[in-house]
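Below: the structure, in structure tokens.
One is the number of the first residue; the rest follow in order along the sequence. Side chains are part of it too, since the values below use all heavy atoms of this structure and drop only hydrogens, waters and symmetry mates.
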Amino acid sequence: MNITILAVGKIKESFYREAIAEYRKRLGRYCRMEIIEVADEPAPEKVSPAQEDAIREKEAGRILKRLRDNSFVITLEITGKKYDSEKFARKLENLGLSGKSQLVFVIGGSLGLHSSVSERADLKLSFSDMTFPHQLMRVILAEQIYRAFRIINGEPYHK
């Protein structure tokens, strides 16, 4: 299975980069994981709703250019479907069994995702009703993907 994390913006803090690198290394025995970063748009401190939408739309253009027609796209959205770790593992397993070998997880920028990206999603996924920094979300996502493969393979994992 090929998994891509497609995210807006770069990771600035080294501790996030190190954590993601560790999970990518661990995932190497289960899947191929790629991380693609697209540029984020600068957002002034005070922006109108119209300006926010324009920023999201510019970022969406960069995201949508990176999506292939055969990719199963999973957007991370606060209003998405929630899974516990076991159900998330079964979802990934079932996607693989049904021939979905190219999964793309999309993480938006600080203002979230434009509706055009959300509409392209095959699955909208939520980790919580809380909002997380998008850089931290990459670490959380990588850990949950790793945990899912451990569950799928009947290997121990911390509950």
Side-chain angles (χ1 to χ4, degrees), residues 1-38 40 56 59-60 62-159:
M1 181 175 282
N2 294 310
I3 294 177
T4 300
I5 296 176
L6 176 55
V8 174
K10 293 196 177 296
I11 297 222
K12 296 172 185 84
E13 290 83 1
S14 61
F15 55 89
Y16 287 142
R17 285 194 304 271
E18 290 166 11
I20 292 166
E22 177 63 26
Y23 284 114
R24 282 182 76 182
K25 183 175 83 175
R26 292 181 188 189
L27 279 162
R29 55 188 286 226
Y30 305 109
C31 67
R32 182 178 171 274
M33 181 192 240
E34 174 183 29
I35 296 176
I36 298 173
E37 296 175 333
V38 297
D40 55 348
R56 283 191 295 266
E59 292 172 346
R62 296 178 189 128
I63 292 168
L64 293 170
K65 281 183 191 173
R66 298 296 196 126
L67 298 175
R68 293 186 231 143
D69 290 340
N70 66 336
S71 296
F72 189 89
V73 177
I74 303 168
T75 52
L76 275 61
E77 304 185 38
I78 203 163
T79 59
K81 184 171 175 55
K82 292 182 181 77
Y83 293 90
D84 63 24
S85 294
E86 297 264 344
K87 288 180 182 160
F88 181 61
R90 295 300 153 234
K91 181 65 177 177
L92 292 185
E93 182 177 37
N94 289 335
L95 287 170
L97 293 172
S98 67
K100 307 288 189 225
S101 61
Q102 180 62 45
L103 305 183
V104 180
F105 290 87
V106 179
I107 301 174
S110 60
L111 298 176
L113 292 170
H114 188 263
S115 59
S116 60
V117 177
S118 186
E119 289 164 8
R120 171 59 179 86
D122 297 297
L123 172 66
K124 295 173 180 109
L125 177 65
S126 174
F127 280 84
S128 173
D129 290 334
M130 294 181 187
T131 301
F132 296 103
H134 57 280
Q135 293 184 34
L136 176 59
M137 198 62 234
R138 291 192 217 180
V139 177
I140 294 169
L141 175 60
E143 189 280 332
Q144 284 299 305
I145 293 168
Y146 173 70
R147 182 181 299 263
F149 277 104
R150 301 277 299 181
I151 292 168
I152 290 166
N153 287 285
E155 298 169 355
Y157 67 98
H158 186 70
K159 292 185 180 185

TODO: Please report the C-alpha distance between Met1 and Leu103 in whole Å, then the side-chain angles of each, then the deciding distance to 0.1 Å, and finally whether the side-chain contact (heavy atoms from CB on, under 4.5 Å) criterion is met.
DONE: CA-CA 8 Å; Met1 181 175 282; Leu103 305 183; 3.6 Å; yes

In chain order, what residues pass the side-chain hydrogen bond (donor to acceptor under 3.5 Å, both in side chains) check against [X], with sequence neighbours excluded?
X	value
Arg90	Glu93
Arg138	Glu37
His134	none

Task: N-O pairing of Arg56 and Glu59 below 4.0 Å - done: no

Open item on the list: Students often mix this up, so state it plainly: with edges at 30° and 60°, are the rings of Phe88 and Tyr83 parallel, tilted or perpendicular?
Closed with: tilted

Does any part of the side chain of [Y], heavy atoms only, come nearer than 4.5 Å to the side chain of [X], both counted from C-beta?
X	Y	value
Tyr23	Leu141	no
Tyr146	Tyr30	yes
His114	Leu64	no
Ile74	Phe72	yes

Task: Listed once per pair and sorted, the salt bridge (Lys or Arg N to Asp or Glu O under 4.0 Å) pairs that draw on residues 98-120, sequence neighbours left out - done: Arg120-Asp122

Task: Asp40 to Arg62 - nearest heavy-atom pair and separation - done: C-NH1, 4.0 Å

Open item on the list: Under a 3.5 Å distance rule, please check whether Thr75 uses its side chain to pair with a backbone N or O of Glu77 as donor and acceptor.
Closed with: no

For residues 11-20, which side-chain donor-acceptor pairs fall under 3.5 Å, sequence neighbours excluded?
unit_1 : atom_1 : unit_2 : atom_2 : d
Arg17  : NH1    : Ile11  : O      : 3.0
Arg17  : NH1    : Lys12  : O      : 2.9

Task: Results of salt bridge (charged side-chain N to carboxylate O under 4.0 Å, His left out) for Glu155 - residues two or more places apart only - done: Arg29, Arg150

- [ ] With side-chain contact (heavy atoms from CB on, under 4.5 Å) as the test, would you mind laying out the steps for Ile3 and Leu27 before giving the verdict?
- [x] CA-CA 10 Å; Ile3 294 177; Leu27 279 162; 5.9 Å; no

Open item on the list: Nearest 0.5 Å, please: how far is CD1 in Ile63 from CD1 in Ile36?
Closed with: 11.0 Å

